[in-house]
Amino acid sequence: MTTNATTEGDTDPFELPDTLQLGPPVDPFPYVAEARRRNAVQRAWPLPVNTALGPEGMMGDDADVNAFSVLGYDELAAVFRDGETYSSALIGEAIGPLLAHTIVAMDGAEHRVHRALVAPAFRPKSISRWEEDFVVPIAHELLDSFAGLGKADLVRRFTFALPVRVIAQVFGVPKEHAPTFQRWSIEMISIPLDWDRGMAAFEALRGYFCEQIEQRRREPHDDLITELAEAEVDGQKLTDEEIFAFLRLLLPAGVETTYRSLGNLLFALLTHPDQLDEVRGNPALIAPAIEEGLRWEPPIFHTGRISTRDSRLGGVDIPAGSLVNLFVGSANRDERVFSEPDTFDVHRNPNHQIAFAVGAHACLGMHLARMENRVALEAILERLPDLRLDPDAPAPRIVGMPLRSPDSLPVLFTPHS
């Protein structure tokens with residue numbers, strides 16, 4: 001295994017700084033709510049102008065480009081469902097090599113074929129097996145490391161570590177390679193912050209995955225890399241580069257969003273201790289709590305599309321070639337759809353949150369993410385009795401843009417084996 005991106009064992013990979021949690025610690029919800037009440041679609045950027053990945057970050061060097069903000073639930077869903085008018089190609093352009101040539105940046109027939117090739121790997125039978133073989137053991141292994149201490153930062157000790165370790169197991173990464181794989185993964189995701197370090201990790205992972213793919217074609221294993229190497233639709237198989245693109249996508253998609261959604265859920269419950277007590281006493285509330293966490297604080301606050309033709313959305317004309325910013329966080333608190341939208345409520349029903357998108361680009365890993373959140377919350381409630389925020393530690397905040405999650409979760413609990 002080549003280790004040119006970093007030296008294995010130098011540092012804990014989970015001590016790296018956050019990856020795409022950019023920008024000042026601004027609460028975006030009052031800004032998007034005020035803008036949304038004016039109009040669900042508008043030619044304006046609703047957040048403070050110095051917010052990271054605002055107009056300057058998304059428009060590139062062309063200040064004359066038309067840019068529109070979609071803030072309403074129905075309007076956002078309409079964009080997600082109309083990939084012909086609103087192209088996902090912007091995603092590959094905005095984050096460069098990390099997501100370029102992946103299915104999230106594809107449209108039309110290309111997207112359908114590639115999604116059909118990889119979708120079988122996420123069938124319910126696989127997710128059920130991953131839960132038993134990987135997620136439950138990893139969650140308890142992480143809890144073992146601090147359950148006897150009576151206090152911990154759940155971000156550093158649990159939420160940040162769980163998904164990348166799960167993904168490594170799902171890929172079939174040998175245990176001895178896991179620390180270096182984890183560090184490369186985190187470094188590659190941080191390409192927008194440190195280009196040189198991120199690209200070194202990108203190339204290291206490319207070389208590593210090529211070796212693993214070649215090995216699986218000779219000696220198939222029971223893992224995701226083997227599934228992708230053998231996948232076939234209408235006589236078409238994935239090339240090595242296409243397999244690498246999908247594996248690469250799962251790092252930000254399967255690691256970033258899962259650890260952030262889990263952190264946001266725990267933040268919501270810890271800051272609403274009455275509801276935490278309800279969930280602890282009634283496991284049937286775990287699934288609704290996960291959905292409400294995704295609605296109340298989705299891990300991806302906004303994303304983008306490019307309009308391919310003139311269109312009209314929410315009563316607003318959008319010319320071809322326009323940048324269309326999709327504010328998922330705003331849509332999930334649209335008062336036209338959700339009563340008391342700013343209130344976290346595990347009893348909310350119905351709850352058609354849109355954090356995983358809808359339509360052809362609905363998140364392929366949504367069931368895996370929900371399962372990881374459920375297993376993690378079940379394990380935490382079982383292993384950390386009397387869980388509560390540490391009153392002597394700085395109060396945690398959910399920060400970042402476009403990806404949001406707590407900067408820390410300092411907690412106290414009754415020490416337990």
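Here the side chain of Asn332 pairs a donor or acceptor atom with the backbone of Leu294 at under 3.5 angstrom. The backbone N or O of Tyr86 sits nowhere less than 3.5 Å from a side-chain atom of Thr308 that would complete a donor-acceptor pair. Between the side chain of Trp130 and the backbone N or O of Val170, no donor-acceptor pair lies under 3.5 Å. Between the side chain of Asp407 and the backbone N or O of Pro396 there is no donor-acceptor pair closer than 3.5 Å. No donor-acceptor pair closer than 3.5 Å links the side chain of Arg383 to the backbone N or O of Ala379. Looking only at distances, no side-chain donor or acceptor of Ser128 sits under 3.5 Å from a matching main-chain atom of Lys125. Put simply, the side chain of Asp310 gets close to the backbone of Ala320: a donor and an acceptor are under 3.5 Å apart.
Classification of Arg348 and Glu291 as a salt-bridged pair fails, no side-chain N sitting under 4.0 Å from a carboxylate O. We find that Asp223 and Arg216 are joined by a salt bridge, their nearest charged nitrogen and carboxylate oxygen being less than 4.0 Å apart. Using a cut-off of 4.0 Å between Lys/Arg side-chain N and Asp/Glu carboxylate O, Arg217 and Glu214 are scored as not salt-bridged. Look at Asp277 and Arg280 and you find a salt bridge, because one of the NZ, NE, NH1 or NH2 atoms lies within 4.0 Å of a carboxylate O, short of that distance. Under a 4.0 Å N-O distance rule, the pair Glu378/Arg374 qualifies as a salt bridge.
Between Val79 and Leu313 the shortest side-chain heavy-atom distance falls below 4.5 Å. Contact check for Leu323 versus Phe68: no side-chain heavy atoms found under the 4.5 Å cut-off. Considering only heavy atoms from C-beta on, Gln42 stays 4.5 Å or farther from Val316 through its side chain. The closest side-chain heavy-atom distance from Pro298 to Gln353 is not below 4.5 Å. Side chains of Leu143 and Phe158 form a contact here, defined as non-hydrogen atoms less than 4.5 Å apart. The shortest side-chain heavy-atom distance between Ser145 and Arg157 falls under the 4.5 Å cut-off. Side-chain contact between Val26 and Leu47 is absent, with no heavy atoms from C-beta onward closer than 4.5 Å. Counting heavy atoms from C-beta on, the side chains of Leu377 and Leu266 come closer than 4.5 Å.
At a cut-off of 3.5 Å, with distance as the only test, a side-chain donor of Glu278 or His347 sits close to an acceptor on the other residue. Counted by atom type alone, Asn373 and Ser261 present one or more donor-acceptor pairs between their side chains at under 3.5 Å.
The aromatic ring centroids of Tyr73 and His352 lie 6.0 Å or more from each other.
One distance of note links OG of Ser311 with CG of Asp82; it measures 8.0 Å at 0.5 Å rounding. Between atom CZ of residue Phe244 and atom CD1 of residue Ile225 there is a gap of 11.0 Å, rounded to the nearest 0.5 Å. From Glu241, atom CD reaches atom CD1 of Ile213 across 8.5 Å, with rounding to the nearest 0.5 Å. Summarising the geometry, atom CG belonging to Asp240 is positioned 5.5 Å from atom SG belonging to Cys210; distances are rounded to the nearest 0.5 Å. From Arg397, atom CZ reaches atom OG of Ser405 across 11.5 Å, with rounding to the nearest 0.5 Å. Atom CG in Leu270 sits 9.0 Å away from atom CG in Leu265 (nearest 0.5 Å).
Crowding of His272 atom NE2: a count of heavy atoms from other residues, nucleotides or ligands under 6.0 Å exceeding 12.
The nearest pair of heavy atoms linking Gly314 to Val41 is CA-CG2, 4.1 Å. Of all heavy-atom pairs between Arg336 and Ala40, the closest is NH2-CB, 3.9 Å. The shortest heavy-atom contact between Arg36 and Asp334 is NE-CA, 3.7 Å. Closest heavy-atom contact between Pro385 and Phe413: O-CB, 3.3 Å. Contact between Ser307 and Ile318 at its shortest, heavy atoms only, is OG-CG2, 4.0 Å. Nearest heavy-atom pair across Arg260 and Leu403 is NE-CB, 3.4 Å.
Judged by a 6.0 Å distance limit and a 45° cone about the ring axis, Arg295 is positioned over the six-membered ring of Phe338. Because its NZ or CZ atom is both nearer than 6.0 Å to the ring centre of Phe29 and within 45° of the ring axis, Arg333 counts as a cation-pi partner of that residue.
Among Phe171, Phe202, Trp184, the single residue meeting the ring pair (Phe, Tyr, Trp, His ring centres under 6.0 Å) criterion with Phe209 is Phe171. Of the residues Val346, Leu387, Leu381, Ile380, the one that meets the side-chain contact (heavy atoms from CB on, under 4.5 Å) test with Leu269 is Val346.
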Legend entry - Residue pair Glu335, Arg37: steps toward the salt bridge (charged side-chain N to carboxylate O under 4.0 Å, His left out) verdict: CA-CA 9 Å; Glu335 46 280 297; Arg37 288 165 192 147; 3.2 Å; yes
Legend entry - Check against side-chain contact (heavy atoms from CB on, under 4.5 Å), Phe181 and Leu205: CA-CA 8 Å; Phe181 171 82; Leu205 276 169; 3.8 Å; yes
Inset, instruction - Take Tyr208 and Thr180 through the side chain to side chain donor-acceptor pair (under 3.5 Å) test and state the conclusion after the steps. - result: CA-CA 11 Å; Tyr208 178 69; Thr180 301; over 6 Å; no
Inset, instruction - I would like to know whether Asn351 and Glu292 meet side chain to side chain donor-acceptor pair (under 3.5 Å); could you show each step before the answer? - result: CA-CA 7 Å; Asn351 183 357; Glu292 180 65 350; 3.2 Å; yes
Legend entry - side-chain contact (heavy atoms from CB on, under 4.5 Å) assessment of Leu154 paired with Leu384: CA-CA 11 Å; Leu154 290 180; Leu384 306 181; 4.2 Å; yes
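The aromatic rings of His302 and Phe327 sit tilted relative to each other, their planes meeting at an angle between 30° and 60°.
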